[in-house]
Number of protein chains: 2
Amino acid sequence: MKRDSRLSSVLHALLHMAEQDRPMTSDALAECMRTNPVVVRRTMGLLREAGFVTSERGHSGGWRIETDLSKLTLRQLHEALGEPTVFAIGNRNETPDCLVEQSVNAVLDSAFAEAEALLLERFASVTLADLAAEFTRRFKDIKLQKG
Amino acid sequence: MKRDSRLSSVLHALLHMAEQDRPMTSDALAECMRTNPVVVRRTMGLLREAGFVTSERGHSGGWRIETDLSKLTLRQLHEALGEPTVFAIGNRNETPDCLVEQSVNAVLDSAFAEAEALLLERFASVTLADLAAEFTRRFKDIKLQKG
DNA sequence: GTGCAAGTAATAAAAGAAGTTACATGAAAA
DNA sequence: TTTTCATGTAACTTCTTTTATTACTTGCAC
(Lines give C-alpha, C1' and ligand atoms only; values in the text may rest on other atoms or scores of the structure.)
Protein backbone atom coordinates (compact mmCIF):
# COMPACT_ATOMS: atom_id res chain seq x y z
CA MET A 1 0.00 0.00 0.00
CA LYS A 2 1.06 3.47 -0.73
CA ARG A 3 1.48 5.30 2.53
CA ASP A 4 0.65 8.95 3.01
CA SER A 5 3.99 10.62 3.70
CA ARG A 6 2.84 14.22 3.88
CA LEU A 7 3.32 14.59 7.63
CA SER A 8 6.88 13.40 7.25
CA SER A 9 7.27 15.77 4.29
CA VAL A 10 6.02 18.89 5.99
CA LEU A 11 8.11 18.23 9.09
CA HIS A 12 11.16 17.98 6.91
CA ALA A 13 10.20 21.16 5.10
CA LEU A 14 9.39 23.13 8.24
CA LEU A 15 12.69 22.27 9.88
CA HIS A 16 14.58 23.42 6.83
CA MET A 17 12.54 26.59 6.74
CA ALA A 18 13.25 27.17 10.43
CA GLU A 19 16.95 27.23 9.68
CA GLN A 20 16.55 30.00 7.11
CA ASP A 21 15.92 33.67 7.64
CA ARG A 22 14.56 34.23 4.18
CA PRO A 23 11.47 32.58 2.74
CA MET A 24 12.08 29.32 0.88
CA THR A 25 10.62 28.77 -2.57
CA SER A 26 8.61 25.70 -3.49
CA ASP A 27 11.39 24.83 -5.89
CA ALA A 28 14.03 24.90 -3.16
CA LEU A 29 11.87 22.81 -0.83
CA ALA A 30 11.06 20.41 -3.64
CA GLU A 31 14.74 19.93 -4.38
CA CYS A 32 15.74 19.18 -0.82
CA MET A 33 12.78 16.80 -0.49
CA ARG A 34 13.29 15.25 -3.91
CA THR A 35 9.80 15.93 -5.08
CA ASN A 36 7.87 18.33 -7.26
CA PRO A 37 7.24 22.03 -6.48
CA VAL A 38 3.54 21.62 -7.22
CA VAL A 39 3.33 18.88 -4.63
CA VAL A 40 5.05 21.21 -2.17
CA ARG A 41 2.56 24.00 -2.85
CA ARG A 42 -0.37 21.66 -2.50
CA THR A 43 0.78 20.33 0.84
CA MET A 44 2.11 23.60 2.26
CA GLY A 45 -1.14 25.21 1.18
CA LEU A 46 -2.93 23.15 3.82
CA LEU A 47 -0.55 24.45 6.47
CA ARG A 48 -1.19 27.99 5.27
CA GLU A 49 -4.94 27.45 5.64
CA ALA A 50 -4.26 26.40 9.21
CA GLY A 51 -2.21 29.55 9.77
CA PHE A 52 1.12 27.84 10.39
CA VAL A 53 2.95 29.28 7.39
CA THR A 54 2.56 32.16 4.95
CA SER A 55 3.41 32.36 1.28
CA GLU A 56 4.33 35.27 -0.92
CA ARG A 57 4.57 35.54 -4.67
CA GLY A 58 7.05 37.31 -6.84
CA HIS A 59 10.66 38.22 -6.27
CA SER A 60 12.05 37.04 -2.94
CA GLY A 61 8.75 35.30 -2.32
CA GLY A 62 8.25 31.80 -0.98
CA TRP A 63 7.22 30.07 2.22
CA ARG A 64 7.82 31.23 5.76
CA ILE A 65 6.93 29.83 9.18
CA GLU A 66 4.44 31.96 11.06
CA THR A 67 4.33 30.05 14.31
CA ASP A 68 6.34 29.57 17.44
CA LEU A 69 8.07 26.21 16.94
CA SER A 70 7.58 25.34 20.57
CA LYS A 71 3.82 25.74 20.20
CA LEU A 72 3.39 23.71 17.04
CA THR A 73 2.75 19.99 17.58
CA LEU A 74 2.75 17.06 15.20
CA ARG A 75 -0.87 16.60 16.05
CA GLN A 76 -1.75 20.09 14.83
CA LEU A 77 0.04 19.34 11.59
CA HIS A 78 -1.75 16.04 11.25
CA GLU A 79 -5.03 17.91 11.66
CA ALA A 80 -3.99 20.57 9.17
CA LEU A 81 -3.40 17.79 6.64
CA GLY A 82 -7.02 16.75 7.06
CA GLU A 83 -6.47 13.99 9.62
CA PRO A 84 -5.72 11.35 7.03
CA THR A 85 -6.58 7.74 7.77
CA VAL A 86 -4.03 6.34 10.17
CA PHE A 87 -4.42 2.64 9.51
CA ALA A 88 -3.72 0.57 6.45
CA ILE A 89 -5.81 -2.22 7.95
CA GLY A 90 -9.53 -1.94 8.33
CA ASN A 91 -12.91 -3.54 8.22
CA ARG A 92 -14.10 -5.11 5.05
CA ASN A 93 -17.49 -3.44 5.33
CA GLU A 94 -18.22 -0.61 7.75
CA THR A 95 -21.97 -1.10 7.91
CA PRO A 96 -22.67 -4.80 7.56
CA ASP A 97 -26.06 -6.42 8.01
CA CYS A 98 -24.47 -9.63 9.22
CA LEU A 99 -24.39 -9.76 13.00
CA VAL A 100 -21.20 -11.79 12.92
CA GLU A 101 -19.45 -9.11 10.92
CA GLN A 102 -20.83 -6.41 13.20
CA SER A 103 -19.21 -8.18 16.12
CA VAL A 104 -15.91 -8.46 14.30
CA ASN A 105 -16.03 -4.78 13.40
CA ALA A 106 -16.83 -3.72 16.93
CA VAL A 107 -13.87 -5.56 18.38
CA LEU A 108 -11.44 -4.43 15.69
CA ASP A 109 -12.68 -0.85 15.84
CA SER A 110 -12.09 -0.69 19.54
CA ALA A 111 -8.52 -1.94 19.13
CA PHE A 112 -7.83 0.52 16.33
CA ALA A 113 -9.40 3.39 18.25
CA GLU A 114 -7.15 2.73 21.21
CA ALA A 115 -4.01 2.59 19.08
CA GLU A 116 -5.00 5.73 17.19
CA ALA A 117 -5.65 7.59 20.43
CA LEU A 118 -2.19 6.68 21.65
CA LEU A 119 -0.61 7.79 18.39
CA LEU A 120 -2.40 11.14 18.44
CA GLU A 121 -1.42 11.61 22.07
CA ARG A 122 2.18 11.08 21.09
CA PHE A 123 1.78 13.46 18.18
CA ALA A 124 0.35 16.06 20.54
CA SER A 125 3.31 15.71 22.87
CA VAL A 126 5.96 16.47 20.24
CA THR A 127 6.56 20.06 19.12
CA LEU A 128 8.58 21.28 16.18
CA ALA A 129 11.03 22.66 18.74
CA ASP A 130 11.49 19.12 20.06
CA LEU A 131 12.23 17.95 16.56
CA ALA A 132 14.71 20.75 16.04
CA ALA A 133 16.39 19.73 19.28
CA GLU A 134 16.55 16.15 18.12
CA PHE A 135 18.24 17.38 14.98
CA THR A 136 20.76 19.45 16.96
CA ARG A 137 21.57 16.44 19.11
CA ARG A 138 22.22 14.30 16.04
CA PHE A 139 24.25 17.03 14.44
CA LYS A 140 26.52 17.26 17.47
CA ASP A 141 26.87 13.49 17.58
CA ILE A 142 28.05 13.47 13.99
CA LYS A 143 30.57 16.22 14.66
CA LEU A 144 31.88 14.30 17.67
CA GLN A 145 32.27 11.16 15.58
CA LYS A 146 34.22 13.04 12.98
CA GLY A 147 36.45 14.52 15.66
CA MET B 1 -6.56 4.67 0.47
CA LYS B 2 -7.33 1.06 -0.01
CA ARG B 3 -7.12 -0.66 3.32
CA ASP B 4 -6.15 -4.27 3.80
CA SER B 5 -9.30 -5.93 5.10
CA ARG B 6 -8.09 -9.50 5.20
CA LEU B 7 -7.98 -9.74 8.99
CA SER B 8 -11.56 -8.57 9.16
CA SER B 9 -12.41 -11.05 6.39
CA VAL B 10 -10.88 -14.10 7.98
CA LEU B 11 -12.44 -13.34 11.35
CA HIS B 12 -15.82 -13.17 9.70
CA ALA B 13 -15.13 -16.41 7.87
CA LEU B 14 -13.82 -18.26 10.90
CA LEU B 15 -16.81 -17.34 13.03
CA HIS B 16 -19.17 -18.61 10.38
CA MET B 17 -17.14 -21.79 10.07
CA ALA B 18 -17.24 -22.22 13.83
CA GLU B 19 -21.02 -22.33 13.72
CA GLN B 20 -21.01 -25.18 11.21
CA ASP B 21 -20.29 -28.81 11.75
CA ARG B 22 -19.50 -29.52 8.14
CA PRO B 23 -16.70 -27.87 6.16
CA MET B 24 -17.64 -24.70 4.33
CA THR B 25 -16.77 -24.27 0.68
CA SER B 26 -14.95 -21.22 -0.67
CA ASP B 27 -18.10 -20.45 -2.61
CA ALA B 28 -20.24 -20.42 0.50
CA LEU B 29 -17.76 -18.26 2.38
CA ALA B 30 -17.42 -15.95 -0.62
CA GLU B 31 -21.16 -15.51 -0.76
CA CYS B 32 -21.57 -14.64 2.88
CA MET B 33 -18.63 -12.24 2.64
CA ARG B 34 -19.71 -10.82 -0.71
CA THR B 35 -16.44 -11.55 -2.40
CA ASN B 36 -14.88 -14.01 -4.79
CA PRO B 37 -14.12 -17.67 -3.99
CA VAL B 38 -10.60 -17.29 -5.34
CA VAL B 39 -9.96 -14.46 -2.92
CA VAL B 40 -11.23 -16.69 -0.14
CA ARG B 41 -8.87 -19.50 -1.13
CA ARG B 42 -5.96 -17.14 -1.34
CA THR B 43 -6.56 -15.70 2.09
CA MET B 44 -7.60 -18.91 3.83
CA GLY B 45 -4.57 -20.58 2.29
CA LEU B 46 -2.38 -18.43 4.53
CA LEU B 47 -4.29 -19.64 7.57
CA ARG B 48 -3.83 -23.20 6.39
CA GLU B 49 -0.08 -22.67 6.12
CA ALA B 50 -0.17 -21.47 9.72
CA GLY B 51 -2.06 -24.61 10.72
CA PHE B 52 -5.27 -22.89 11.84
CA VAL B 53 -7.56 -24.42 9.23
CA THR B 54 -7.56 -27.38 6.83
CA SER B 55 -8.99 -27.71 3.39
CA GLU B 56 -10.25 -30.71 1.47
CA ARG B 57 -11.09 -31.09 -2.17
CA GLY B 58 -13.90 -32.91 -3.88
CA HIS B 59 -17.35 -33.83 -2.69
CA SER B 60 -18.14 -32.56 0.79
CA GLY B 61 -14.82 -30.79 0.81
CA GLY B 62 -14.14 -27.25 1.95
CA TRP B 63 -12.60 -25.40 4.87
CA ARG B 64 -12.60 -26.44 8.49
CA ILE B 65 -11.18 -24.93 11.67
CA GLU B 66 -8.39 -26.97 13.16
CA THR B 67 -7.76 -24.94 16.30
CA ASP B 68 -9.25 -24.35 19.69
CA LEU B 69 -11.07 -21.03 19.36
CA SER B 70 -10.00 -20.01 22.84
CA LYS B 71 -6.35 -20.43 21.87
CA LEU B 72 -6.45 -18.51 18.60
CA THR B 73 -5.77 -14.79 18.91
CA LEU B 74 -6.17 -11.94 16.46
CA ARG B 75 -2.45 -11.44 16.67
CA GLN B 76 -1.76 -14.98 15.46
CA LEU B 77 -4.07 -14.35 12.53
CA HIS B 78 -2.37 -11.04 11.79
CA GLU B 79 0.93 -12.90 11.72
CA ALA B 80 -0.48 -15.65 9.53
CA LEU B 81 -1.49 -12.98 7.04
CA GLY B 82 2.14 -11.91 6.84
CA GLU B 83 1.99 -9.06 9.33
CA PRO B 84 0.81 -6.52 6.81
CA THR B 85 1.76 -2.87 7.27
CA VAL B 86 -0.39 -1.41 10.02
CA PHE B 87 -0.13 2.28 9.18
CA ALA B 88 -1.32 4.22 6.19
CA ILE B 89 0.99 7.05 7.22
CA GLY B 90 4.73 6.76 7.00
CA ASN B 91 8.05 8.33 6.27
CA ARG B 92 8.70 9.79 2.89
CA ASN B 93 12.10 8.10 2.67
CA GLU B 94 13.20 5.35 5.02
CA THR B 95 16.94 5.83 4.54
CA PRO B 96 17.58 9.52 3.98
CA ASP B 97 21.00 11.12 3.80
CA CYS B 98 19.63 14.37 5.17
CA LEU B 99 20.16 14.64 8.91
CA VAL B 100 17.00 16.69 9.27
CA GLU B 101 14.97 13.97 7.67
CA GLN B 102 16.68 11.34 9.78
CA SER B 103 15.57 13.21 12.88
CA VAL B 104 12.01 13.43 11.60
CA ASN B 105 12.00 9.73 10.82
CA ALA B 106 13.36 8.80 14.22
CA VAL B 107 10.68 10.72 16.07
CA LEU B 108 7.84 9.51 13.86
CA ASP B 109 9.08 5.93 13.93
CA SER B 110 9.10 5.89 17.68
CA ALA B 111 5.52 7.16 17.82
CA PHE B 112 4.38 4.60 15.26
CA ALA B 113 6.23 1.80 16.99
CA GLU B 114 4.48 2.57 20.26
CA ALA B 115 1.06 2.64 18.68
CA GLU B 116 1.72 -0.55 16.75
CA ALA B 117 2.90 -2.30 19.90
CA LEU B 118 -0.31 -1.34 21.64
CA LEU B 119 -2.39 -2.56 18.73
CA LEU B 120 -0.61 -5.92 18.61
CA GLU B 121 -0.98 -6.24 22.36
CA ARG B 122 -4.70 -5.75 21.97
CA PHE B 123 -4.75 -8.25 19.13
CA ALA B 124 -2.93 -10.75 21.32
CA SER B 125 -5.49 -10.32 24.07
CA VAL B 126 -8.52 -11.18 21.95
CA THR B 127 -9.27 -14.80 21.06
CA LEU B 128 -11.73 -16.13 18.54
CA ALA B 129 -13.72 -17.42 21.49
CA ASP B 130 -13.99 -13.84 22.76
CA LEU B 131 -15.29 -12.78 19.39
CA ALA B 132 -17.81 -15.62 19.39
CA ALA B 133 -18.95 -14.49 22.83
CA GLU B 134 -19.33 -10.93 21.57
CA PHE B 135 -21.51 -12.28 18.81
CA THR B 136 -23.64 -14.28 21.23
CA ARG B 137 -24.11 -11.19 23.37
CA ARG B 138 -25.26 -9.16 20.39
CA PHE B 139 -27.51 -11.95 19.23
CA LYS B 140 -29.25 -12.06 22.59
CA ASP B 141 -29.61 -8.28 22.61
CA ILE B 142 -31.35 -8.40 19.27
CA LYS B 143 -33.71 -11.11 20.47
CA LEU B 144 -34.55 -9.09 23.56
CA GLN B 145 -35.29 -6.03 21.46
CA LYS B 146 -37.61 -8.01 19.27
CA GLY B 147 -39.35 -9.30 22.35
C1' DG C 1 6.84 45.20 -18.62
C1' DT C 2 9.84 41.46 -17.51
C1' DG C 3 10.98 37.80 -14.45
C1' DC C 4 10.08 35.22 -10.54
C1' DA C 5 7.18 32.60 -7.63
C1' DA C 6 2.81 30.96 -5.95
C1' DG C 7 -2.17 29.17 -7.28
C1' DT C 8 -4.63 25.74 -9.52
C1' DA C 9 -6.84 22.54 -12.69
C1' DA C 10 -6.34 18.51 -15.16
C1' DT C 11 -4.08 14.51 -16.13
C1' DA C 12 -0.73 10.72 -15.75
C1' DA C 13 2.05 7.53 -13.30
C1' DA C 14 2.83 4.20 -9.66
C1' DA C 15 1.64 0.93 -6.32
C1' DG C 16 -0.95 -2.33 -3.96
C1' DA C 17 -5.35 -4.72 -2.73
C1' DA C 18 -9.09 -7.06 -4.49
C1' DG C 19 -11.57 -9.17 -8.16
C1' DT C 20 -11.80 -12.20 -12.22
C1' DT C 21 -10.75 -15.71 -15.64
C1' DA C 22 -9.02 -19.93 -16.92
C1' DC C 23 -7.35 -24.09 -16.16
C1' DA C 24 -5.03 -27.93 -13.33
C1' DT C 25 -5.44 -31.22 -9.48
C1' DG C 26 -7.60 -34.39 -6.67
C1' DA C 27 -11.39 -36.68 -4.05
C1' DA C 28 -15.98 -38.59 -3.74
C1' DA C 29 -20.16 -40.08 -5.83
C1' DA C 30 -22.78 -42.04 -9.55
C1' DT D 1 -14.38 -45.26 -14.53
C1' DT D 2 -16.54 -41.29 -15.59
C1' DT D 3 -18.71 -37.34 -13.76
C1' DT D 4 -19.08 -33.88 -10.45
C1' DC D 5 -17.51 -31.00 -6.99
C1' DA D 6 -14.13 -28.48 -4.74
C1' DT D 7 -9.57 -26.64 -3.97
C1' DG D 8 -4.82 -24.85 -6.09
C1' DT D 9 -2.78 -21.50 -8.71
C1' DA D 10 -1.17 -18.47 -12.35
C1' DA D 11 -2.15 -14.54 -15.01
C1' DC D 12 -4.49 -10.60 -15.69
C1' DT D 13 -7.77 -6.81 -14.84
C1' DT D 14 -9.99 -3.46 -12.03
C1' DC D 15 -10.17 -0.19 -8.47
C1' DT D 16 -8.46 3.12 -5.44
C1' DT D 17 -5.34 6.35 -3.58
C1' DT D 18 -1.09 8.83 -3.40
C1' DT D 19 2.29 11.24 -5.83
C1' DA D 20 4.12 13.36 -9.96
C1' DT D 21 3.75 16.17 -14.04
C1' DT D 22 2.10 19.53 -17.35
C1' DA D 23 0.18 23.69 -18.52
C1' DC D 24 -1.54 27.74 -17.52
C1' DT D 25 -3.05 31.86 -14.44
C1' DT D 26 -2.24 35.36 -10.94
C1' DG D 27 0.32 38.67 -8.62
C1' DC D 28 4.46 40.93 -6.70
C1' DA D 29 9.10 43.18 -7.23
C1' DC D 30 12.71 44.83 -9.72
Side-chain angles (χ1 to χ4, degrees), chain A residues 1-10 12-13 17 20 22-31 33-49 53-66 78 81-94, chain B residues 1-10 12-13 17 20 22-31 33-49 53-66 78 81-94:
Chain A
M1 154 177 315
K2 192 145 212 173
R3 294 156 96 185
D4 181 339
S5 61
R6 289 176 306 160
L7 180 58
S8 160
S9 293
V10 299
H12 187 184
M17 286 161 65
Q20 306 269 331
R22 294 184 298 180
M24 283 187 79
T25 67
S26 304
D27 277 73
L29 287 170
E31 187 160 5
M33 299 166 65
R34 313 224 166 148
T35 180
N36 191 293
V38 177
V39 173
V40 171
R41 286 188 201 112
R42 208 147 49 197
T43 313
M44 295 299 286
L46 296 170
L47 302 197
R48 185 189 48 223
E49 284 173 24
V53 300
T54 56
S55 61
E56 271 179 63
R57 307 201 230 201
H59 276 277
S60 67
W63 299 90
R64 204 194 292 264
I65 297 187
E66 201 70 3
H78 175 68
L81 294 174
E83 303 196 67
T85 308
V86 168
F87 294 106
I89 301 180
N91 295 328
R92 170 170 198 82
N93 176 354
E94 288 302 341
Chain B
M1 157 177 311
K2 193 147 212 170
R3 293 156 97 184
D4 181 337
S5 60
R6 289 176 305 159
L7 181 58
S8 160
S9 292
V10 299
H12 188 183
M17 286 160 65
Q20 306 270 333
R22 294 184 298 181
M24 282 187 79
T25 67
S26 304
D27 277 72
L29 287 171
E31 186 160 6
M33 300 167 64
R34 312 220 167 152
T35 180
N36 192 293
V38 177
V39 173
V40 171
R41 283 185 203 116
R42 209 144 54 194
T43 313
M44 295 298 288
L46 296 171
L47 303 196
R48 184 188 49 223
E49 283 171 25
V53 300
T54 55
S55 60
E56 271 178 63
R57 306 202 231 200
H59 277 274
S60 69
W63 299 90
R64 205 193 291 264
I65 297 186
E66 202 69 6
H78 177 67
L81 294 174
E83 303 196 69
T85 309
V86 167
F87 294 106
I89 301 180
N91 295 328
R92 168 168 199 83
N93 176 353
E94 288 303 340

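Just so we're on the same page: letters track the sequence lines, and every chain starts at 1. The basis for the numbers below is simple: all heavy atoms, side chains too, and nothing from hydrogens, waters or symmetry mates.
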d([atom1], [X]; [atom2], [N]) in whole Å:
| X | N | atom1 | atom2 | answer |
| --- | --- | --- | --- | --- |
| Met24(A) | dA5(C) | CE | C1' | 14 Å |
| Arg6(B) | dA17(C) | CZ | P | 7 Å |
| Ile89(A) | dA18(C) | CD1 | C1' | 16 Å |
| Asp4(B) | dG16(C) | CG | C1' | 10 Å |
| Asp27(A) | dA20(D) | CG | P | 14 Å |
| Leu46(A) | dT19(D) | CG | P | 12 Å |
| Arg34(A) | dT21(D) | CZ | C1' | 19 Å |
| Asn91(A) | dA17(C) | CG | C1' | 16 Å |

Considering just the side-chain nitrogens and oxygens of [X], establish if one lies under 4.0 Å of OP1 or OP2 belonging to [N].
| X | N | answer |
| --- | --- | --- |
| Arg92(B) | dA20(D) | yes |
| Ser55(A) | dG7(C) | yes |
| Ser5(B) | dA18(C) | yes |
| Ser26(B) | dT7(D) | yes |

Problem - For Glu83(A), side chain to side chain donor-acceptor pair (under 3.5 Å) partners two or more places apart - result: none
Heavy atoms only: give me the nearest [X]-[Y] pair and the separation to one decimal.
| X | Y | result |
| --- | --- | --- |
| Arg92(A) | Arg34(B) | NH2-O, 3.7 Å |
| Gly90(B) | Ser8(A) | O-CB, 3.7 Å |
| Ser26(A) | Pro37(A) | CB-O, 3.8 Å |

Practice task
Check each of Val40(B), Leu29(B), Thr43(B) against Val10(B) using the side chain to side chain contact (heavy atoms under 4.5 Å, CB included) test, and report the only one that passes.
Solution key: Thr43(B)
Problem - Under the salt bridge (Lys or Arg N to Asp or Glu O under 4.0 Å) test, residues paired with Arg6(A) that sit two or more places apart - result: Asp4(A)
Handout entry: B/S/- contact track for nucleotides 20-30 of chain C, protein heavy atom under 4.0 Å
Key = BB---BBBBS-
Practice task
Could you tell me whether Gln20(A) atom CD has more than 12 heavy atoms of other residues or ligands within 6.0 Å of it?
Solution key: yes
